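Position 1 is the first residue of the sequence; numbering continues from there. On a predicted model such as this, the values are computed, not experimentally measured, just so you know.
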Amino acid sequence: MERILIAVEPDEGGWRIQLAGIVIARNLDKVVAIDKAADLARERHAATGTPTGVHVRMTCGDGVMVGLNG
């Protein structure tokens, strides 16, 4: 089963959370954005059983996976 990824990326004035290209929240502090995205991933996994995770794109361009469920 394919993992659903929620993205956290740098944005003008802060960080944004995206799912399937749709912006869910913007202008957040980095830690707040990661926490909210991890909560969304956990809730989605609990509701659907589909593996989820959070992909954080750092300002240097590197990607980091956090908040893996399932």
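There is no path of hydrophobic side-chain contacts, each under 4.5 Å, that joins Leu68 to Val64.
Met65 is listed as a side-chain neighbour of Leu5, based on a closest heavy-atom distance under 4.5 Å. In this structure, the side chains of Val56 and Glu9 stay at 4.5 Å or more apart for every pair of heavy atoms. With contacts defined as side-chain heavy-atom distances shorter than 4.5 Å, the pair Gln18/His55 does not qualify. Side chains of Thr59 and Trp15 form a contact here, defined as non-hydrogen atoms less than 4.5 Å apart. By the 4.5 Å heavy-atom criterion applied to side chains, Ile17 and Val23 are not counted as neighbours.
Nearest heavy-atom pair, His45 versus Thr50, reported as atom, atom and distance to 0.1 Å: ND1-O, 3.0 Å. Closest of all the heavy-atom pairs between Leu28 and Val32 is CD2-CG1, 4.4 Å. Contact between Asn27 and Glu12 at its shortest, heavy atoms only, is OD1-O, 2.8 Å. Taking each heavy atom of Val54 and Ala41 in turn, the nearest pair found is CG2-CB, 4.1 Å.
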Original post:
After noting the C-alpha distance and the side-chain angles of Ile6 and Thr52, does the key distance pass the side chain to side chain contact (heavy atoms under 4.5 Å, CB included) rule?
Top reply: CA-CA 8 Å; Ile6 298 173; Thr52 61; 5.9 Å; no

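Under 4.0 Å is where a charged nitrogen must lie from a carboxylate oxygen, and between Arg42 and Asp39 at least one such pair does.
The backbone N or O of Gly70 sits less than 3.5 Å from a side-chain atom of Arg3, completing a donor-acceptor pair.
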